[in-house]
There are 2 protein chains.
Amino acid sequence: MGRPKTPLLSLDRMASAALEIVDSDGLDGLSMRRLATVLGVQVASLYNHVKNKDELLHEIGNQIMAQVDVTGFRDGDWRQGIATWARSYRAALRAHPNMVPFLATGPGRRETALARADAVHGGLVAAGWPPRQATLIGASTKYLVVGAAMTSFARGFDDDVQIYVDRYPHLGQAHRLRAHADEIDDESFELALQAFLDGLAQRFAELSKAADKR
Amino acid sequence: MGRPKTPLLSLDRMASAALEIVDSDGLDGLSMRRLATVLGVQVASLYNHVKNKDELLHEIGNQIMAQVDVTGFRDGDWRQGIATWARSYRAALRAHPNMVPFLATGPGRRETALARADAVHGGLVAAGWPPRQATLIGASTKYLVVGAAMTSFARGFDDDVQIYVDRYPHLGQAHRLRAHADEIDDESFELALQAFLDGLAQRFAELSKAADKR
DNA sequence: CTATGTTAGCGAACAGTGTTCGTTTGGAGG
DNA sequence: CCTCCAAACGAACACTGTTCGCTAACATAG
């Protein structure tokens, strides 16, 4: 058949279609052949635009990570900075729950993730945290977001609901439980975030006191 | 060939061998055919002891989760209880990093995980936390542990190290960085845990105050 | 103790998977 | 104009998880 007059494929089209498949049918639902079918093309053609399936997934991952907001440090408020970063990070993951297992595993290569991490680190240092503490705080916050994303909206929603069923037998209705599970997830995340920030605030205060004394 | 005089296979033997493969060669390294080869058996035989590959993985998961210690609530100290639970949980995951992505996704079916969760919940309530708060705290702590396990061991150690390389260019030695990455992971987790617990302690104090007032 | 049914092993096959190779053909650059 | 690159294709390879039918040993009932 040879090369077509107008290109049939592009990396963006591939990534978008692939993400749609993953969103609707899960990570396992995405196969190169199926993606090719959706794009009206043969499977081998995909490899002209992408070296690997992995590379394709990373491309999608970059698009998702680009949604994360790290502008909360603007006015020097580290607490607000972390909070908006964490919430926006979590929202980005929640928008594509099926991608979470991939996104959480081996994120190092994603340049956008690195950029975001640096922004956070810079914001914390600018706000007065020592560099090493800033690194730890950044990592800790990421733990929280990734952990929340993995355990709540990745994969088995029905299963997770079961936990709450056992805990609250009086809430028997299954269809109401889904909403309740969401609610509990939200509250748990907020509790974890706020308690963590409160704990940090204590440390920050001590840090400032020590600095004043010197 | 028919049935052998002495059984060649058992669920335990299968799970152990499978875990060894996963530990050494990753989740993708485990295939039913390879497992069969290691066990000196044909692949179809495996399905006499296990319905699915998934079921096999769940079996391994149960074994790992059984290592988690939830006895820290014994003397009514909720803070100690959560701390030992979280640390032991993290240690169990760290012992088998390649299993973490599976363990973190869809954990509802694992009965041992449920049992552990209930123990934690009970310990918190016994220590004076309201049931709903106990649920939130349990979920939050799990977020922390799972997130820490996912993002640190998550595959590409080289990649994760790169983050720290950019931040601490003076630590250039690659072989020392590996140790440093571990160190930073440990410290980040401890910081997150302690700060979180400090924040909870504040809330607990306010809770007690309000209860006294009534 | 014999008959019956269950179970653990095996061999072969099926439907999928990601990926590579060689070929054809359009478009871009010297 | 000729050459070289790149995009599409068809076919194949080496895998994957899983199922089927078969054999032979164990467990149990009569």
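Excluded from the calculations below are hydrogen atoms, water molecules and symmetry mates; all remaining heavy atoms, backbone and side chain alike, are included.
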- Query: From D/dA25, D/dC20, C/dG18, pick the nucleotide closest to the side chain of B/Ala44?
  - Reply: D/dC20
- Task: Give the rounded distance in Å between these two atoms: OH of B/Tyr47 and P of C/dG9.
- Result: 15 Å
- Task: Give the nucleotide from the list C/dG9, D/dT19, D/dA8 with an atom nearest to the side chain of B/Pro7.
- Result: C/dG9
- Query: When we call it a touch if two heavy atoms are under 4.0 Å apart, what does A/Leu30 touch: a base, just sugar-phosphate, or nothing?
  - Reply: sugar-phosphate
- Query: Does a side-chain N-to-carboxylate-O contact under 4.0 Å join A/Arg90 and A/Asp185?
  - Reply: no
- Taking atom P of C/dG18 as reference, at what distance in whole Å does atom NZ of A/Lys51 sit? 17 Å
- Contact class for B/Val41 (heavy atom, under 4.0 Å): base, sugar-phosphate, or nothing? sugar-phosphate
- Message: Taking 4.0 Å as the cut-off, does a side-chain nitrogen or oxygen of A/Lys5 come that near to OP1 or OP2 on C/dG26?
- Response: no
- Can a donor-acceptor pair be found between the side chains of B/Ser10 and B/His49 at a distance below 3.5 Å? no
- Message: Quick check against the 3.5 Å criterion: does B/Arg34 have a side-chain atom that pairs as donor or acceptor with the backbone of B/Gly29?
- Response: yes
- Task: Measure from CG on A/Asp54 to C1' on C/dT19 and round the result to the nearest Å.
- Result: 13 Å
- Item | Whole angstrom value for the distance that separates P of D/dA14 from CE of B/Met32 | 23 Å
- Task: Taking only the side-chain nitrogens and oxygens of A/Ser45, find out if one of them lies under 4.0 Å from OP1 or OP2 of D/dC9.
- Result: yes
- Message: Reading DNA chain D from 5' onward, which residue's closest nucleotide shows up sooner: B/Ser31 or A/Leu9?
- Response: A/Leu9
- Between atom CD in A/Glu55 and atom C1' in C/dG18, what is the gap in whole Å? 14 Å
- Message: Is it the case that the side chain of A/Asp77 and the backbone of A/Gln80 share a donor-acceptor pair, with hydrogens and angles ignored and the cut-off at 3.5 Å?
- Response: yes
- Could you check B/Lys53 against A/Ser10 and say which one's nearest nucleotide on DNA chain D is further toward the 5' end? A/Ser10
- Message: Pick the closest DNA chain C nucleotide for B/Leu8 and for A/Val43 by heavy atoms, then say which residue is nearer the 5' end.
- Response: B/Leu8
- Task: Round to a whole Å and report the spacing from CG of B/Leu46 to P of D/dG17.
- Result: 10 Å
- Whole-Å distance separating the CG atom of B/Asp28 from the C1' atom of C/dT17: 12 Å
- Message: Is there, by distance only and without an angle test, a donor paired with an acceptor across the side chain of A/Asn48 and the base of D/dA6 below 3.5 Å?
- Response: no
- Task: For A/Thr71 and A/Asp69, test the side chains for any donor-to-acceptor distance below 3.5 angstrom and give the result as yes or no.
- Result: yes
- Query: Side chains of B/Gln194 and B/Arg79: do they bring a donor and an acceptor to under 3.5 Å?
  - Reply: yes
- Query: Taking the side chain of A/His49 as heavy atoms from C-beta outward, which of C/dG9, D/dA7, D/dA24 is closest to it?
  - Reply: D/dA7
- What nucleotide among C/dG18, D/dG10, D/dG17 has an atom nearest to a side-chain atom of A/Gln42? D/dG10
- Query: Which whole-number value in Å describes the distance from A/Leu39 CG to D/dA8 C1'?
  - Reply: 13 Å
- Task: Check if the side chain of B/Arg33 and the base of D/dG17 share a donor-acceptor pair of N or O atoms closer than 3.5 Å.
- Result: yes
- Phosphate OP1/OP2 of C/dG18 contacted by A/Asn52 side-chain N/O (<4.0 Å): no
